[in-house]
Amino acid sequence: QVRLMESGGGSVQSGGSLRLSCTASGDNGATYCMGWFRQAPGKERQGVATSGKGLETSYAHFVVGRFILSQDNSKNTMFLQMNSLKPEDTGMYFCAAYRYHGQSGMCATDGNFYTAWGQGTQVTVSS
């Protein structure tokens with residue numbers, strides 16, 4: 001089972017930037033979908049972006065043009081560069097993963113597919 005560790009959260013003003021990192025360890029022999037999800041207090045969890053080695057990257061509509069997902073496969077690390085942050089981006093951000101078995105070349109955007117989760121990192125954007 002893969003294990004995930006996030007870092008990079010913090011507090012910024014509106015319009016600022018943060019970069020989150022998620023490092024995976026454990027089962028290095030399989031292809032995994034990895035994704036970022038977020039949850040604000042009192043709100044449902046939202047998918048933010050998903051990708052995997054050799055798989056397509058997808059973004060939620062509310063981050064398109066602002067957030068960029070990238071990977072350093074040599075370090076088993078996924079990054080989420082968050083630019084032009086807004087107060088509504090505030091929340092706990094979680095890295096998640098599941099073992100990819102499909103043929104579509106795309107990762108699920110539904111968090112229920114993900115079987116491994118990090119502990120989360122807080123992002124706070126003030127106006």
Side-chain angles (χ1 to χ4, degrees):
Q1 176 71 338
V2 68
R3 296 176 296 277
L4 305 171
M5 179 67 72
E6 306 105 330
S7 62
S11 297
V12 295
Q13 291 190 328
S14 181
S17 298
L18 286 172
R19 189 175 82 154
L20 305 183
S21 300
C22 174
T23 299
S25 60
D27 185 359
N28 294 325
T31 298
Y32 278 84
C33 279
M34 295 181 71
W36 287 99
F37 295 82
R38 71 186 189 187
Q39 188 164 23
K43 295 188 177 181
E44 292 186 355
R45 183 178 63 199
Q46 295 178 309
V48 175
T50 63
S51 189
K53 184 179 180 181
L55 304 173
E56 289 190 28
T57 299
S58 66
Y59 296 94
H61 66 91
F62 48 80
V63 303
V64 170
R66 300 189 298 125
F67 291 11
I68 302 171
L69 189 65
S70 62
Q71 297 179 86
D72 183 341
N73 292 320
S74 68
K75 298 180 180 179
N76 293 325
T77 300
M78 176 175 66
F79 302 98
L80 184 67
Q81 179 65 43
M82 304 187 296
N83 301 319
S84 301
L85 282 162
K86 306 175 182 179
E88 51 264 43
D89 292 318
T90 294
M92 186 70 78
Y93 282 68
F94 297 91
C95 176
Y98 73 96
R99 192 164 177 171
Y100 175 76
H101 293 291
Q103 297 180 334
S104 67
M106 297 184 67
C107 295
T109 56
D110 183 344
N112 290 321
F113 281 84
Y114 290 74
T115 56
W117 292 81
Q119 81 287 354
T121 186
Q122 179 67 35
V123 171
T124 302
V125 185
S126 58
S127 58

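Predicted, not measured: the structure shown is a model, and the values here were computed from it. Side chains are part of it too, since the values below use all heavy atoms of this structure and drop only hydrogens, waters and symmetry mates. Just so you know, residue 1 is the first one in the sequence shown, and it goes up from there.
Considering only heavy atoms from C-beta on, Thr31 stays 4.5 Å or farther from Arg99 through its side chain. A 4.5 Å side-chain heavy-atom check between Met78 and Ser21 finds every atom pair outside the cut-off. Within the 4.5 Å cutoff, the side chain of Leu80 has no heavy atoms near those of the Arg19 side chain. The side-chain heavy atoms of Phe94 and Leu4, taken from C-beta on, include no pair separated by under 4.5 Å. A 4.5 Å side-chain heavy-atom check between Trp36 and Phe67 finds every atom pair outside the cut-off. At least one side-chain heavy atom of Gln46 sits less than 4.5 Å from a side-chain heavy atom of Phe62. Using a 4.5 Å heavy-atom cutoff, the side chains of Gln71 and Ser51 are in contact. In this structure the side chain of Tyr114 reaches within 4.5 angstrom of the side chain of Cys107, judged on heavy atoms.
Between Val48 and Val63 the shortest heavy-atom distance is O-CG2, 3.6 Å. The minimum heavy-atom distance between Ser127 and Pro87, with the atom names listed, is CB-CG, 3.9 Å. Counting all heavy atoms, side chain and backbone alike, Met92 lies closest to Gly120 at SD-C, 3.7 Å.
Met34 and Val2 fall within the same hydrophobic cluster, where Ile, Leu, Val, Met, Phe, Trp and Tyr residues are linked whenever their side-chain heavy atoms come under 4.5 Å apart, directly or through other members. Both Phe113 and Trp117 belong to a common hydrophobic cluster when Ile, Leu, Val, Met, Phe, Trp and Tyr are linked at side-chain heavy-atom distances under 4.5 angstrom. Met106 and Val64 fall into different hydrophobic clusters, where Ile, Leu, Val, Met, Phe, Trp and Tyr are joined by side-chain heavy atoms under 4.5 Å apart, directly or via other members.
Looking only at distances, a side-chain donor or acceptor of Tyr98 sits under 3.5 Å from a matching main-chain atom of Ala108.
With rounding to the nearest 0.5 angstrom, the CZ atom of Arg45 is 7.0 Å from the CD atom of Gln39. Here Thr109 contributes atom OG1 and Phe37 contributes atom CZ; the two are 7.0 Å apart, rounded to the nearest 0.5 Å. Taking CD from Gln81 and OG from Ser70, the interatomic distance works out to 8.0 Å, rounded to the nearest 0.5 Å. Within the model, atoms CG of Asn76 and OG of Ser25 stand 8.5 Å from one another, a figure rounded to the nearest 0.5 Å. Atom CG of Asn83 is separated from atom CD1 of Ile68 by 6.0 Å, given to the nearest 0.5 angstrom. Between the NE2 atom in His101 and the SG atom in Cys33 there is a gap of 10.0 Å [rounded to 0.5 Å].
Counting heavy atoms of neighbouring residues, nucleotides and ligands inside a 6.0 Å radius, atom CZ of Phe79 exceeds 12 of them. More than 12 heavy atoms of other shown residues, nucleotides or ligands fall within 6.0 angstrom of atom CD in Gln119. Within 6.0 Å of CD on Gln13 lie no more than 12 heavy atoms contributed by other residues, nucleotides or ligands.
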- Would Cys22 and Met5 satisfy side chain to side chain contact (heavy atoms under 4.5 Å, CB included), going step by step from the backbone distance to the final call? CA-CA 5 Å; Cys22 174; Met5 179 67 72; over 6 Å; no
- Stepwise side chain to side chain contact (heavy atoms under 4.5 Å, CB included) check, Arg66 with Asp89: CA-CA 11 Å; Arg66 300 189 298 125; Asp89 292 318; 2.7 Å; yes
- Take Tyr59 and Leu69 through the test side chain to side chain contact (heavy atoms under 4.5 Å, CB included) and record every step on the way to the result. CA-CA 8 Å; Tyr59 296 94; Leu69 189 65; 3.7 Å; yes
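Between the side chains of Thr23 and Thr77, a donor-acceptor pair is found at a separation under 3.5 Å. Counted by atom type alone, Arg38 and Tyr93 present one or more donor-acceptor pairs between their side chains at under 3.5 Å. Checking Ser58 against Thr50 by side-chain atom types alone, a donor-acceptor pair falls below 3.5 Å.
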